[in-house]
Amino acid sequence: MNVLFYIAAAVAVICTIMVITRLNAVHALLYLIVSLLSVALIFFLLGAPFAAALEVIIYAGAIMVLFVFVVMMLDPESQSIQSRKQLLHPGTWFGPAVPAAILLGELVYVMTTGSPSLPVNAGVGPHALSRALFGPYVLGVELTSILLMAGLVGAYHLARPEAPEGNDP
Amino acid sequence: MITIPTAHALLLAGVLFLLGLMGVMVRRNIIFILLSLEIMLNASGLAFVAAGFHWGRPDGQIMFLFILAMAAAEVSVGLALVLQLYHRIHTLDADQASRMRG
């Protein structure tokens, strides 16, 4: 079982190196998603299944979608047919697809060998996590909600188109 | 019973953090700087989860949840700033935005 951790760690490090050396932002995002998925698998192996699920849903899902959205908005090159054809070229998606396939193989192995030594049974489950989260840490939850509210208002205010001159309230 | 050495998990977190730091210092595209910041935040969350696993306590995962919420707030404000920057100076190069003039 230990070798699963080292394979996932190698995938994470290699994909992160690819992220910071890519020239195209969309390619870097693809590699970063694979890196986040491997970190999620490491969370699972570390007995943190709830953190692994949140890593996939929020990091690899929501935050990366925000990045893709902004890159597509800002990059006029991506509008052309030529670059769309280039995205479908096998060389573009082959690099992230191989580590993703390795991670999928690890996941299938973990799921099929249903032994009681599964790390999901050894660590801290969602029940104990939520007991602690809404027990001693409830003040942190409230502060986090205020932080998210501030982020929402700040993002709305900053991304708003500029008001015409002389119309300032 | 699976036994992942805590030192190795912390080492992985350190390596990922350093890679993110290198990305922040080397790259000049502001999108890549934000991506590298995400890598660094994720690596620190990994360190917290590894420490929580070491002591068998839920506190590490709780700190990871807070880091996750902070990363979401940070990236929304950061990307809004990137949009404004692109509308004003028509480039994503961070060096072009070195003069703080309105």
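Note: hydrogens, waters and symmetry copies are ignored here, and every other heavy atom, side chains too, is used. Note on naming: letters A, B, ... go to the chains in the order of the sequence lines (proteins, then strands), and numbering restarts at 1 for each one.
Summarising the geometry of Leu16(B) relative to Ala12(A), their closest heavy-atom pair is CD2-O, 4.0 Å, with the distance given to 0.1 Å. Minimum heavy-atom separation, Val49(B) to Ala48(A): CG1-CB, 3.8 Å. Taking every heavy atom of both residues into account, Leu83(B) and Met73(A) meet most closely at CD2-CE, 4.0 Å. Heavy-atom minimum distance, Pro58(B) versus Leu129(A): O-CD1, 3.7 Å. Nearest heavy-atom pair, Asp59(B) versus Tyr137(A), reported as atom, atom and distance to 0.1 Å: OD2-OH, 2.8 Å. Minimum interatomic distance between Glu55(A) and Phe64(B) (heavy atoms only, all atoms of both residues): OE1-CZ, 3.1 Å.
Going from atom CZ of Phe53(B) over to atom CG of Leu45(A) covers 9.0 Å, rounded to the nearest 0.5 Å. Atom-to-atom distance recorded for Tyr86(B):OH and Leu74(A):CG is 6.0 Å, nearest 0.5 angstrom. Taking CD1 of Ile31(B) as the reference point, atom CZ of Phe67(A) lies at 6.5 Å (rounded to 0.5 Å). Residue Thr16(A) holds its OG1 atom at 5.5 Å from CD1 of Ile39(B), rounded to the nearest 0.5 Å. Leu35(B) CG to Met64(A) CE: the interatomic distance, rounded to the nearest 0.5 Å, is 6.0 Å. Atom-to-atom distance recorded for Ile62(B):CD1 and Phe50(A):CZ is 10.5 Å, nearest 0.5 angstrom.
Atom CE of Met22(B) has 12 or fewer neighbouring heavy atoms from other residues, nucleotides or ligands inside a 6.0 Å radius. Atom CZ of Arg131(A) sits in a sparse spot, with 12 or fewer heavy atoms from other residues, nucleotides or ligands closer than 6.0 Å. No more than 12 heavy atoms of other residues, nucleotides or ligands lie within 6.0 Å of CZ in Phe48(B), so this atom counts as exposed by the packing criterion.
In this structure, chain A has a heavy atom under 4.5 Å from the side chain of Gln84(B), while its backbone stays farther away. Using a 4.5 Å cut-off between heavy atoms, Val13(A) touches chain B through backbone and side chain atoms alike. Neither the backbone nor the side chain of Ala13(B) has a heavy atom closer than 4.5 Å to any heavy atom of chain A. For Ile42(A), the part lying under 4.5 angstrom from a heavy atom of chain B is the side chain only. With a threshold of 4.5 angstrom between heavy atoms, Glu38(B) approaches chain A through its backbone and through its side chain. Within the 4.5 angstrom heavy-atom criterion, atoms from both the backbone and the side chain of Leu19(B) approach chain A. The part of Leu65(B) that comes within reach of chain A is its side chain, from C-beta onward, which places non-hydrogen atoms under 4.5 angstrom from that chain. Contacts of Val77(B) with chain A are made by both backbone and side-chain atoms, with heavy-atom separations under 4.5 Å. Heavy atoms of Ala43(B) lying under 4.5 Å from chain A are absent altogether. In this structure, chain B has a heavy atom under 4.5 Å from the side chain of Tyr6(A), while its backbone stays farther away. Heavy atoms of Ser36(B) lying under 4.5 Å from chain A belong exclusively to its side chain. For Thr21(A), the part lying under 4.5 angstrom from a heavy atom of chain B is the backbone only. Only the side chain of Leu12(B) comes within less than 4.5 Å of a heavy atom in chain A; its backbone stays farther off. Contacts of Val19(A) with chain B are made by both backbone and side-chain atoms, with heavy-atom separations under 4.5 Å. With a 4.5 angstrom heavy-atom cutoff, Leu34(B) touches chain A via backbone and side-chain atoms both. For a residue to count as touching a neighbouring chain, one of its non-hydrogen atoms must lie under 4.5 Å from one of that chain's; by this rule His8(B) touches chain A with backbone and side chain alike. Proximity to chain B (any heavy atom under 4.5 Å) is restricted, for Leu32(A), to the side chain, taken from C-beta onward. Residue contact with chain B, scored on non-hydrogen atoms closer than 4.5 Å, involves the side chain of Ile58(A) exclusively.
The residue among Leu133(A), Leu152(A), Leu148(A) with the most heavy atom pairs within less than 4.5 Å of chain B is Leu133(A). For the set Leu66(A), Ile63(A), Thr144(A), the count of heavy-atom pairs under 4.5 angstrom toward chain B peaks at Ile63(A). Interface summary for chain A: among Gly52(B), Gly56(B), Gly60(B), Ala9(B), the most heavy-atom pairs under 4.5 angstrom belong to Ala9(B).
Side-chain heavy atoms closer than 4.5 Å link hydrophobic residues (I, L, V, M, F, W, Y) into clusters, and following such links, even through other members, never connects Val70(A) to Leu158(A). One hydrophobic cluster, built from ILVMFWY side chains closer than 4.5 Å, cannot hold both Leu139(A) and Leu147(A); they sit in different ones. Phe5(A) and Leu10(B) fall into different hydrophobic clusters, where Ile, Leu, Val, Met, Phe, Trp and Tyr are joined by side-chain heavy atoms under 4.5 Å apart, directly or via other members. Taking hydrophobic clusters as Ile, Leu, Val, Met, Phe, Trp and Tyr residues chained together by side-chain heavy-atom distances below 4.5 Å, Ile102(A) shares a cluster with Val3(A). Linking ILVMFWY residues whenever their side-chain heavy atoms come closer than 4.5 Å, directly or via other members, places Ile57(A) and Val75(B) in the same cluster.
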Before giving the answer on side chain to side chain contact (heavy atoms under 4.5 Å, CB included), spell out for Leu46(B) and Phe43(A) the whole-Å C-alpha distance, their side-chain angles and the decisive distance to 0.1 Å. CA-CA 8 Å; Leu46(B) 174 61; Phe43(A) 283 171; 3.3 Å; yes
After noting the C-alpha distance and the side-chain angles of Leu41(B) and Tyr59(A), does the key distance pass the side chain to side chain contact (heavy atoms under 4.5 Å, CB included) rule? CA-CA 11 Å; Leu41(B) 284 173; Tyr59(A) 253 119; 3.6 Å; yes
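Between Ile20(A) and Val26(B) the shortest side-chain heavy-atom distance does not fall below 4.5 Å.
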